[in-house]
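In what follows, a single structure is set out as structure tokens and then discussed.
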Amino acid sequence: IASIDKVRDELSKNKDDLQFWIDANLNDDFWKDTSTVLHEYGLVAAWAASKSTHYKPKAINEFLDAAEADAWLIAYALKHKLTIVTYEVSAPDGKSKVKIPDVCDQFKVLHVNTIQMLRNLGEKF
């Protein structure tokens, strides 16, 4: 289980309990460097830009904002053939937000929710 530097950057904007927990419990090697996935990011960005007749401009701009992690997360998973864990639910007809599962489906990147991840890992409580 790992994440990317862009997610860390998003989470560090808020100085809240989650940020304090992250600082206390996650090592630097948990956060993967996205500078290695520029080609894949370009593919994801080009796909999003090509959807200008489907998504509202605000949705595409938000998705492609370099400070936002979603496109980078998909690019990282695409390059390294990883599975993304997300609470987002596919909404292919939605226009106001580019959803992670919908982009993953376009690039054949596997995605699961947290419960599915725990089942896949064989975790029991």
Side-chain angles (χ1 to χ4, degrees):
I1 298 174
S3 192
I4 61 169
D5 51 6
K6 301 288 187 180
V7 170
R8 180 194 60 219
D9 295 346
E10 276 188 24
L11 295 174
S12 68
K13 291 177 188 174
N14 302 318
K15 297 298 178 198
D16 57 12
D17 289 341
L18 177 58
Q19 177 61 45
F20 296 128
W21 184 90
I22 288 169
D23 290 344
N25 293 284
L26 297 178
N27 296 325
D28 287 341
D29 63 347
F30 178 83
W31 306 105
K32 305 305 178 192
D33 179 15
T34 52
S35 68
T36 63
V37 298
L38 295 177
H39 173 74
E40 291 76 12
Y41 179 81
L43 297 173
V44 172
W47 175 86
S50 77
K51 297 299 177 182
S52 63
T53 59
H54 177 81
Y55 292 106
K56 293 180 181 178
K58 181 180 177 191
I60 294 173
N61 290 339
E62 179 181 298
F63 183 74
L64 294 178
D65 183 334
E68 295 293 321
D70 291 2
W72 291 100
L73 189 62
I74 296 161
Y76 194 88
L78 177 62
K79 179 171 185 167
H80 298 285
K81 298 180 180 16
L82 300 172
T83 300
I84 293 179
V85 180
T86 180
Y87 277 115
E88 284 190 2
V89 177
S90 177
D93 295 328
K95 304 214 180 291
S96 60
K97 180 161 178 33
V98 180
K99 299 282 192 164
I100 290 172
D102 298 326
V103 183
C104 285
D105 290 345
Q106 294 300 312
F107 289 93
K108 297 182 178 23
V109 171
L110 296 176
H111 55 90
V112 298
N113 64 34
T114 305
I115 300 300
Q116 290 168 315
M117 176 197 69
L118 292 170
R119 286 183 182 142
N120 292 348
L121 292 172
E123 295 297 324
K124 295 183 183 191
F125 298 94

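Computation of the quantities below employed the complete heavy-atom set of this structure, encompassing side-chain atoms and omitting hydrogens, waters and symmetry-equivalent molecules.
With rounding to the nearest 0.5 Å, the separation of OH in Tyr55 from NZ in Lys99 is 9.5 Å. Rounding to the nearest 0.5 angstrom, the gap separating the CZ atom in Arg8 from the CG atom in Leu11 is 10.0 Å.
For Asp17, the side chain to side chain contact (heavy atoms under 4.5 Å, CB included) criterion is met by Phe20, not counting sequence neighbours. For Glu40, there are no salt bridge (Lys or Arg N to Asp or Glu O under 4.0 Å) partners at least two apart in sequence or on another chain. For the side chain to side chain donor-acceptor pair (under 3.5 Å) test, residues two or more places apart in sequence or in another chain that qualify with Thr34 are Asp5. Remark: His54 engages no residue in a ring-ring contact (aromatic ring centres under 6.0 Å, His included) (not counting sequence neighbours). Every residue meeting the side chain to side chain contact (heavy atoms under 4.5 Å, CB included) condition with Phe107, not counting sequence neighbours, appears here in chain and number order: Leu43, Val44, Trp47, Leu78, Val103, Val109.
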Could you go through residues 90-97 and list every donor-acceptor pair under 3.5 Å that involves a side-chain atom there, pairing it with any protein atom two or more places apart or in another chain?
from	atom 1	to	atom 2	distance (Å)
Ser90	OG	Asp102	OD1	2.4
Lys97	NZ	Glu88	OE2	3.4

What side-chain donor-acceptor pairs closer than 3.5 Å can you find for residues 23-31, not counting sequence neighbours?
from	atom 1	to	atom 2	distance (Å)
Asp23	OD1	Gln19	NE2	2.7
Asp23	OD2	Gln19	NE2	3.2
Asn25	ND2	Trp21	O	2.9

Solution key, residues 114-125 side-chain donor-acceptor pairs under 3.5 Å, sequence neighbours excluded:
from	atom 1	to	atom 2	distance (Å)
Thr114	OG1	Tyr87	OH	3.4
Gln116	OE1	Asn113	N	2.8
Asn120	ND2	Gln116	O	3.4

Show every donor-acceptor pair shorter than 3.5 Å between a side-chain atom in residues 59-75 and any protein atom, with sequence neighbours excluded, or say none if there are none.
from	atom 1	to	atom 2	distance (Å)
Asn61	ND2	Pro57	O	3.3
Asp65	OD1	Ala67	N	2.9
Trp72	NE1	Ala66	O	3.4

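Under the 4.5 Å side-chain heavy-atom criterion for ILVMFWY residues, a single connected hydrophobic cluster contains both Ile22 and Ile1. A continuous path of Ile, Leu, Val, Met, Phe, Trp and Tyr side chains, each step under 4.5 Å between heavy atoms, connects Ile4 with Leu82, placing both in one hydrophobic cluster.
Checked against His111 for a side chain to side chain donor-acceptor pair (under 3.5 Å), the options Thr86, Asp105, Thr83 give a single hit: Asp105.
Residue pairs that meet the salt bridge (Lys or Arg N to Asp or Glu O under 4.0 Å) test with at least one member in residues 41-59, sequence neighbours left out, do not exist here.
Within a 6.0 Å sphere centred on NZ of Lys81, heavy atoms belonging to other residues, nucleotides or ligands number 12 at most.
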Give the intermediate values and the outcome of side chain to side chain contact (heavy atoms under 4.5 Å, CB included) for residues Ile84 and Tyr76. CA-CA 10 Å; Ile84 293 179; Tyr76 194 88; over 6 Å; no
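Side-chain contact between His80 and Val37 is present, with heavy atoms from C-beta onward closer than 4.5 Å.
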